Amino acid sequence: MRLVVYMDAIWLLNFLADSLLLWLTSIALKRPARLLRILAGGLIGSAIIIMGFMPQLSYYAGNPVVKLLFSGIMVFAVFGYKRWRYFFSNLLTFYFATFLMGGILMGAHYFLSFHFDMQVKMLKAAAGGFGDPVSWAFVALGLPAAWLFSKNRIQGLEMAKIKYDQLVDVYIRIGESEFTVKGLVDSGNQLYDPLTKLPVMILSILPVREHLPEEIAVLAEDATRLLDGSATLPDEWAGRVRFIPAKTVGKQSLLLAYKPDEVQLTSGNRTWPVKKVLISFSAQRLSGDDAFSCIVHPQMMAEAAQSA
């Protein structure tokens, strides 16, 4: 009797499984990824199967360090790198999805085709009815670790869902500049113009700098340059500027805010205009993982409730 192994079928199955797991990771973390990057990650992961069929590399293919290295490269290919916390969150969620899907498949397999008599005979033959002591020790130590790992990942996914539910698409038009960014609705943002009582939205210039005049980008880094005369405003922006006093970490500061021509918020399938708002530009990155680039004032959401 001859056993035939179809290497191409095994590789294709592994490639599709890795791609599916990467896609599931993207969905779980609410981090959209392009299909080509997901397929590239699956292709990288499937390379370890090819290594397993090569005598000179088969040993390394089963090495846990090599598997971890391949997993890291796969995650990097799909999500990129922003900082270590972002990278490890992606990697751990990828492993969580892998173990979850693997556990479901194994559980379904034994549920449908488990032979108790055969399993008992195997245990008796192994160690007089006590089973493999190494396996029992692995379960005793691994079960608490698996519980802790699952608990932390589930909490991380819950936090990602909460943040995702608070994200909206923000369309902004100021003069000839127009762009759309992701905004986080922050109930802690209580910044108002003291004269007009208009709410102030904070917007990072980093993702939209190419759409803004250079003078606005310079003032976003240091607003005092407008006061000492070392920087000026473009003519079409001069009539829009407002001076907003703000307090950060016990220090008094001055923010420049601008009156936009148009602002629209989109959440789900609903879009509504926001007429009363000022926008203050910041040179800082507002989100470590670039999930959002502006902080939406909660009063802007109140307009949506009034228009409902």
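Note that the structure is predicted; figures quoted are calculated from it, not measured. When a residue number appears, it is its place in the shown sequence, counting from 1.
- V181 and V185 fall within the same hydrophobic cluster, where Ile, Leu, Val, Met, Phe, Trp and Tyr residues are linked whenever their side-chain heavy atoms come under 4.5 Å apart, directly or through other members.
- Using a distance-only test at 3.5 Å, with no hydrogens or angles considered, no donor-acceptor pair links the side chain of T93 to the main chain of N90.
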Could you give the side-chain donor-acceptor pairs of residues 12-25 under 3.5 Å, partners two or more places apart or in another chain?
unit_1: S19; atom_1: OG; unit_2: F15; atom_2: O; d: 2.9
unit_1: T25; atom_1: OG1; unit_2: L21; atom_2: O; d: 2.8

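- Transitive grouping of hydrophobic side chains (ILVMFWY, heavy atoms separated by less than 4.5 Å) keeps V263 and Y171 in distinct clusters.
- In this structure, the side chains of V200 and L255 stay at 4.5 Å or more apart for every pair of heavy atoms.
- When all heavy atoms of S89 and R31 are compared, the closest pair comes out as OG-NH1, 3.9 Å.
- With sequence neighbours excluded, the residues forming a side chain to side chain contact (heavy atoms under 4.5 Å, CB included) with T271 are Q264, T266, listed by chain and number.
- For the pair S293/F179, no side-chain contact is recorded, criterion being any heavy-atom separation below 4.5 Å from C-beta on.
- One hydrophobic cluster, built from ILVMFWY side chains closer than 4.5 Å, holds both V241 and I279.
- L198 has its side chain out of reach of Q299: every pair of non-hydrogen atoms, C-beta onward, lies at least 4.5 Å apart.
- By the side chain to side chain contact (heavy atoms under 4.5 Å, CB included) test, F76 is found to be paired with Y81, F87, residues two or more places apart in sequence or in another chain being considered.
- Within the 4.5 Å cutoff, the side chain of E176 has no heavy atoms near those of the H211 side chain.
- R242 has its side chain out of reach of L195: every pair of non-hydrogen atoms, C-beta onward, lies at least 4.5 Å apart.
- Pairs of residues two or more places apart, or lying in two chains, that qualify as side chain to side chain donor-acceptor pair (under 3.5 Å) and include a residue from residues 62-80 are S71-Y95.
- Of all non-hydrogen atoms in S204 and Q284, the two that sit nearest each other are OG-O, 2.9 Å.
- Between the S280 side chain and the I202 main chain, no donor and acceptor come within less than 3.5 Å of each other.
- When all heavy atoms are compared, the tightest approach of A283 to I205 is CA-CG1, 4.0 Å.
- Atoms CG and CG, on L226 and L233 in that order, are 5.0 Å from each other to the nearest 0.5 Å.
- Note on F243 and Y192: separate hydrophobic clusters, where clusters join Ile, Leu, Val, Met, Phe, Trp and Tyr whose side-chain heavy atoms are under 4.5 Å apart, directly or indirectly.
- Other residues, nucleotides and ligands place no more than 12 heavy atoms under 6.0 Å from the CZ atom of R285.
- Inter-residue side-chain proximity for W237 and L212 is flagged as met; some heavy-atom pair is nearer than 4.5 Å.
- The two residues G175 and D261 make their nearest non-hydrogen contact at N-OD2, 2.7 Å.
- For F88, the ring-ring contact (aromatic ring centres under 6.0 Å, His included) partners at least two apart in sequence or on another chain are W84.
- Distance CD1/I49 to CE/M54: 13.5 Å, rounded to 0.5 Å.
- A pairwise comparison of heavy atoms in R37 and A77 identifies NE-O, 2.9 Å as the closest pair.
- Distance check, rounded to the nearest 0.5 Å: CZ of R173 to OG1 of T180 gives 12.0 Å.
- Judged by distance alone, the side chain of S282 and the main-chain N or O of L203 form no donor-acceptor pair under 3.5 Å.
- Two residues are said to be in side-chain contact when any heavy atoms from C-beta on lie closer than 4.5 Å; K259 and L278 meet this criterion.
- Separating the CG atom in L43 from the CD1 atom in I38 is a distance of 13.5 Å, to the nearest 0.5 Å.
- L167 and L206 sit in two unconnected hydrophobic clusters of ILVMFWY residues. Membership requires side-chain heavy atoms under 4.5 Å apart, directly or through other members.
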- List the steps, then state whether side chain to side chain contact (heavy atoms under 4.5 Å, CB included) holds for S26 with F79. CA-CA 8 Å; S26 172; F79 301 103; 4.0 Å; yes
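- Residues I172 and M201 meet the side-chain proximity criterion, which asks for heavy atoms closer than 4.5 Å.
- A pairwise comparison of heavy atoms in I244 and P194 identifies CD1-CD, 4.4 Å as the closest pair.
- F281 pairs by the ring-ring contact (aromatic ring centres under 6.0 Å, His included) definition with Y258, not counting sequence neighbours.
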